[in-house]
Amino acid sequence: MLWIPGPTQVRPELLQEMARPAIGHRTQAMTDLILRLDPHLPFAFGLEENSSAHPAVHSTSATGLMEASLIGVGPRILCLVNGAFSQRWAEIAQQLGKDVTVLEAPWGEVAPMDSVAQTLRHKGPFHALTYVMSETSTGTLTPPEDIAEVMRDFPDTLVLTDVVSAIAGRAIDFDANGIDFAFAGVQKAFALPPGIAVGCASDRYLQQAKDQPNRGFYLDPVRFIEGHEEQKTPITPAIPHYYALAQQLEDISAGVTLPAADRHLQGAAAWQARFDKHARMQARTIEWARSHDLQLLPKLEHASPCVSCIRSGHVDVPKLIAGVAKHGFTLGNGYGKLKNETFRIGHMGDHTEAGLEDLLRAADEALQA
Ligand SMILES: Cc1ncc(COP(=O)(O)O)c(C=O)c1O
């Protein structure tokens with residue numbers, strides 16, 4: 001049972017969806033399959049009722065859309081960096097030849113919002129700002145509401161947001177949070193095998209992207225978004241993943257993935273109940289950590305609802321990981337330079353609260369041994 005911060009455990013029913021007979025991607029069957037996604041993607045991105053945003057799917061990992069997001073914007077980019085994935089995004093921007101300013105916070109922290117505002121004011125204007133909502137490497141949440149508040153004073157800067165380990169586990173509220181481009185892979189709280197990515201662009205992002213030169217082909221945001229909207233993907237899509245995503249989106253909206261008491265909920269209420277389940281699993285994990293005298297890496301108000309990154313303290317991390325493995329559970333070690341100094345629990349996706357109790361019992365036993 002995978003409790004790493006992605007890929008997460010996939011329900012057998014969804015794996016079966018991927019074993020369906022092949023279909024041609026220029027057929028009515030593929031059009032119908034793409035159309036199955038569209039009623040649900042607005043819930044995932046938290047679009048407002050009359051939103052003009054453009055949700056879409058592309059056959060790439062999340063990093064592909066991280067790169068695509070930058071292809072659609074002008075050269076001056078401010079990257080908020082506080083972990084491995086936000087660092088990757090800044091590096092991609094540099095590789096693409098952008099004029100990059102990095103505002104760095106220590107891993108596990110969030111840059112103070114007054115520093116963000118000052119950087120925008122004194123080093124700007126910027127065409128775009130990038131930030132990672134849930135830094136999977138450190139379990140750190142940058143609250144989108146805080147960014148939105150700062151960005152109200154900088155309306156000409158586009159807001160690009162990595163929602164990889166947030167979406168389907170937490171509200172994104174794309175419009176309310178002033179986001180212009182958001183993206184994620186599906187191997188985190190969507191609980192699907194890795195291989196495709198979901199993205200969403202504001203209308204102004206899409207219009208401005210059309211004016212950018214040299215957008216290439218595969219990662220051109222205009223091409224994949226418009227292709228999705230016309231049910232004509234620019235490339236041969238990962239069709240088995242589309243089947244699994246369609247089923248999972250329908251199941252989430254129909255309440256199928258919820259605890260028994262919530263299974264009557266539908267639509268937005270079912271998505272909210274999924275987010276609430278994630279919040280409860282996070283709270284339980286933090287309570288467990290405290291009961292062992294262990295601390296989270298980030299401050300509580302910056303803790304990700306999907307990934308808890310716990311300082312190792314008195315724990316020998318490899319021994320803990322080996323101990324829970326005896327019970328069939330896989331836990332995540334710390335990422336990169338945080339290896340053995342932290343460990344990570346990915347309490348997201350279709351994991352249940354009862355399943356979390358089993359994991360924590362196994363961890364108790366491993367710690368006692
Ligand atoms: C926050 C975040 N961003 C980006 C990525 C990159 O995703 P992928 O490996 O699917 O390209 C990951 C992967 O774990 C991630 O956690």
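In listed order, ligands and their atoms are each counted from 1.
Ranking protein heavy atoms by distance to atom 10 (O) of ligand 1, first place goes to Gln187 NE2, 2.9 Å. Considering only non-hydrogen protein atoms, atom 3 (N) of ligand 1 sits nearest to Asp162 OD2, 2.6 Å. For atom 7 (O) of ligand 1, the closest non-hydrogen atom of the protein is Ala62 CB, 3.3 Å. In terms of protein heavy atoms, atom 14 (O) of ligand 1 is closest to Lys188 NZ, 2.7 Å. Taking atom 16 (O) of ligand 1 as the reference point, the nearest protein heavy-atom neighbour is Thr136 OG1, 2.5 Å. In terms of protein heavy-atom proximity, atom 6 (C) of ligand 1 is closest to Thr63 OG1, 3.4 Å.
Numbered from 1 in the order shown, with element, the atoms of ligand 1 that lie under 4.0 Å from a heavy atom of Arg88 read 6 (C). Annotation for ligand 1: atoms under 4.0 Å from non-hydrogen atoms of Ser61 are 8 (P), 10 (O), 11 (O). In summary, the atoms of ligand 1 found under 4.0 Å from a heavy atom of Ser134, numbered by their order in the structure, are 1 (C).
Using a distance-only test at 3.5 Å, with no hydrogens or angles considered, no donor-acceptor pair links the side chain of Ser115 to the main chain of Ala111.
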*asked:* Could you go through Asp276 and Asp262, starting from their C-alpha distance and side-chain angles, then the distance that decides it, and tell me whether this counts as side-chain contact (heavy atoms from CB on, under 4.5 Å)?
replied: CA-CA 11 Å; Asp276 294 344; Asp262 288 339; over 6 Å; no

*Would His351 and Thr8 count as a side chain to side chain donor-acceptor pair (under 3.5 Å) if you check the C-alpha gap in whole Å, the side-chain angles of each, and the deciding distance to 0.1 Å?*
CA-CA 9 Å; His351 278 308; Thr8 57; over 6 Å; no

_Apply side chain to side chain donor-acceptor pair (under 3.5 Å) to residues Glu91 and Gln87 and explain how you reach the verdict._
CA-CA 6 Å; Glu91 281 168 16; Gln87 175 69 43; 3.1 Å; yes

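With respect to Asp220 and Lys210, no salt bridge is recorded, no charged nitrogen being found less than 4.0 Å from a carboxylate O.
The shortest heavy-atom distance from Met133 to ligand 1 is not under 4.0 Å. Heavy-atom distances between Glu135 and ligand 1 stay at or above 4.0 Å for every pair.
In this structure, Val150 and Phe154 approach most closely via the heavy-atom pair O-CD1, 3.4 Å. Closest of all the heavy-atom pairs between Phe85 and Glu135 is N-OE2, 2.9 Å.
Under the 30°/60° scheme for interplanar angles, the aromatic rings of Trp288 and His292 are found to be tilted.
Scanning Tyr335, Phe85, Phe183 for the heavy atom closest to atom 2 (C) of ligand 1 points to Phe85.
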